[in-house]
Each structure stands twice: as structure tokens, then as C-alpha cells.
**Student:** 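Sharing a structure here in C-alpha cells format.
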Amino acid sequence: MKKLSVIILTYNEEFYIADAIKSVSFADEIIVLDSHSTDATQEIASKLGVKLIFRKFDNYCNQRNYAISFATGDWILFLDADERVTEKLQKEILESIESDKFDAYKIWFPHYFMNRFLFHYTDKVVRLMKNENLAFENEVHEKLILKSKPGVLKNYMIHYTYKGLFHFISKKDKYAWFQAKMSADKGKKVTLFLLFFKPFYRFFHTYIVKRVYLDGVPGLAAAAIDAYGVFSRYAKMMLIEKDLE
């Protein structure tokens, strides 16, 4: 049988980490890479028998690449502390790694917001992959370098994405700073057209094209915050440009 390693990146996740680890107890190996948490995350993880390693956070890409070097399984599943593997997804994961049809698989993530799962406000992300010469790139929204097209698992990953409205907005602001810095480093410039058109387009694409309107009021709020995140990125790029003048 193929062996599965699970990697979880953490920083101050004491309220989530135990349930995350328990949801992947079927794995042959669970690795928790902690960015020197100041709460009880390390203590909780250690008591649950995981392989606990440490690295100061610089970006998600480097964190994932570092954690991969400790994985001994034939396959790797990346899990966040606020995510849970259901029994159906567990069964599908184990069947998929034995089939060898693909070298990697995408998993569906419906976002949890305003006390409900938004099944149209979803992401489809590569999280399950063979442990063969793996490497991630990009500092924000890190991307796995793949040699072939990945498969897609049918079952959803439970993802308690946002703890509330302000957490959602703060998360968008955090990513906006990372994205703005990356764009500035690449010499990209901001125009008023980008500043005002791109947020509008993001709202339209999220709310109408992806049919997030079917998720009710939470879907409308999510689409609006998505648009705000885009506006925030370009606004921060303008600030960075002024500082460089």
C-alpha cells in the first residue's frame, strides 16, 4: 500500500489544530510545521503524536517546500488547521493514491462564512500529490509546479474559512500587501483604470459568472469583499510606488 504524509502549516491555531489532526488520523505520517506559535498550538500538536518541526515564516511557498523535505510518504496531502477531511473524502483519497491515474489531485473547498458553507463560492486547489521532486513557487497563492494535468476529487474538504466579517476583510488586506509587494518587485505599475475597473470585474465574475448569488446574502457579502481585496491590492501598490519615488 502507498504511504500518505499529511503536512499542516500552523501559527497560533490552538482552537483548530486538534480537530485538523484527528481528521487525518488515517495517514501514515502527520507533519506540523509551526512558525513559532505563541499559544498552545505546539503543545496540543505534540500530544497528538505528530512530527513537529519549526521554521520562521517568510512566505507560504518556502514553508511548504521546507516541510516537503521531511515527508517520507509516497503521497503528500497539504491541510490547513481550519480544514477537515470527511469520511467520504478520506475514502476517495486512499483509493486515488492507490490507482495511480494522476500524479496530483485538486480538491473542492466551499468557503464557510456567516454560519454556512457557500457551495458556489468555492476554490479547487491541488492539495494531494505524489512525493516526487515537488516544488512550489510564488510567495502568495503559492502554486505547485506540475508536469501533467491533475485529477479532481469529487468530495469536498470542509473549510472553516472565515471567523467573521472582520477576519475576512483582514485576510484580504494581508494578501493584498503580499500581492502588492510582488507586483512592485516585478516593476508593474498601477493605473486609475486598474484601480477602479478590476474590483468591479472581480465582483461581476464572482457574483454573476460563478453564480455566488445562489448563496444568498453571505454570497453577496463575499463577492463584495472579494472586490475590496482587489481594490486594496492596487491601492497598496500605489502607496509602494510613492515610497519609491
**Student:** Under 6.0 Å between the ring centres of Tyr105 and Phe102?
**Tutor:** yes

**Student:** My understanding is that only residues two or more places apart in sequence, or in another chain, count here; which of them pass side chain to side chain donor-acceptor pair (under 3.5 Å) with Asp19?
**Tutor:**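 Asp19: no side chain to side chain donor-acceptor pair (under 3.5 Å) contacts found.
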
**Student:** Aromatic contact between Tyr156 and Phe119, with the criterion being ring centroids under 6.0 Å apart: yes or no?
**Tutor:**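 Between Phe119 and Tyr156, which both carry aromatic rings, the centre distance is below 6.0 Å.
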
**Student:** Quick one: does Glu43's side chain have a donor or acceptor within less than 3.5 Å of a partner on Ala40's backbone?
**Tutor:** no

**Student:** Are the charged groups of Lys172 and Asp226 less than 4.0 angstrom apart, N to O?
**Tutor:** yes

**Student:** Does this structure show an ion pair linking Arg127 with Asp80, if we count only N-O contacts that are shorter than 4.0 Å?
**Tutor:** yes

**Student:** Answer with yes or no whether the hydrophobic clustering places Val209 together with Phe200; edges join I, L, V, M, F, W, Y residues whose side-chain heavy atoms lie under 4.5 Å apart.
**Tutor:** no

**Student:** Are Asp74 and Lys3 close enough for a salt bridge, meaning some N to O gap below 4.0 Å?
**Tutor:** no

**Student:** Parallel, tilted or perpendicular for Tyr207 and Phe203, by the 30°/60° rule?
**Tutor:**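 It falls in the parallel class, under 30°.
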
**Student:** Going by an N to O cut-off under 4.0 Å, is there a salt bridge joining Lys2 and Asp100?
**Tutor:**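 Salt bridge between Lys2 and Asp100, a charged N being under 4.0 Å from a carboxylate O: yes.
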
**Student:** What residues form a side chain to side chain donor-acceptor pair (under 3.5 Å) with Ser25, not counting sequence neighbours?
**Tutor:**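 If we apply the side chain to side chain donor-acceptor pair (under 3.5 Å) test to Ser25, skipping adjacent residues, there are no hits.
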
**Student:** To the nearest 0.5 Å, what is the distance between CD1 on Ile68 and CZ on Phe78?
**Tutor:**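 The CZ atom of Phe78 is 4.0 Å from CD1 of Ile68, to the nearest 0.5 Å.
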
**Student:** Do the side chains of Lys154 and Glu92 get close enough for a salt bridge, i.e. N-O under 4.0 angstrom?
**Tutor:** no

**Student:** Please work out whether the ring planes of Tyr160 and Phe117 are parallel, tilted or perpendicular, with thresholds of 30° and 60°.
**Tutor:** tilted

**Student:** If the test is ring-ring contact (aromatic ring centres under 6.0 Å, His included), which one of His111, His159, His205 qualifies with Tyr121?
**Tutor:** His111

**Student:** Under the rule for ring-ring contact (aromatic ring centres under 6.0 Å, His included), what residues qualify as partners of Phe26, not counting sequence neighbours?
**Tutor:**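 By the ring-ring contact (aromatic ring centres under 6.0 Å, His included) rule, Phe26 matches no residue at all.
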
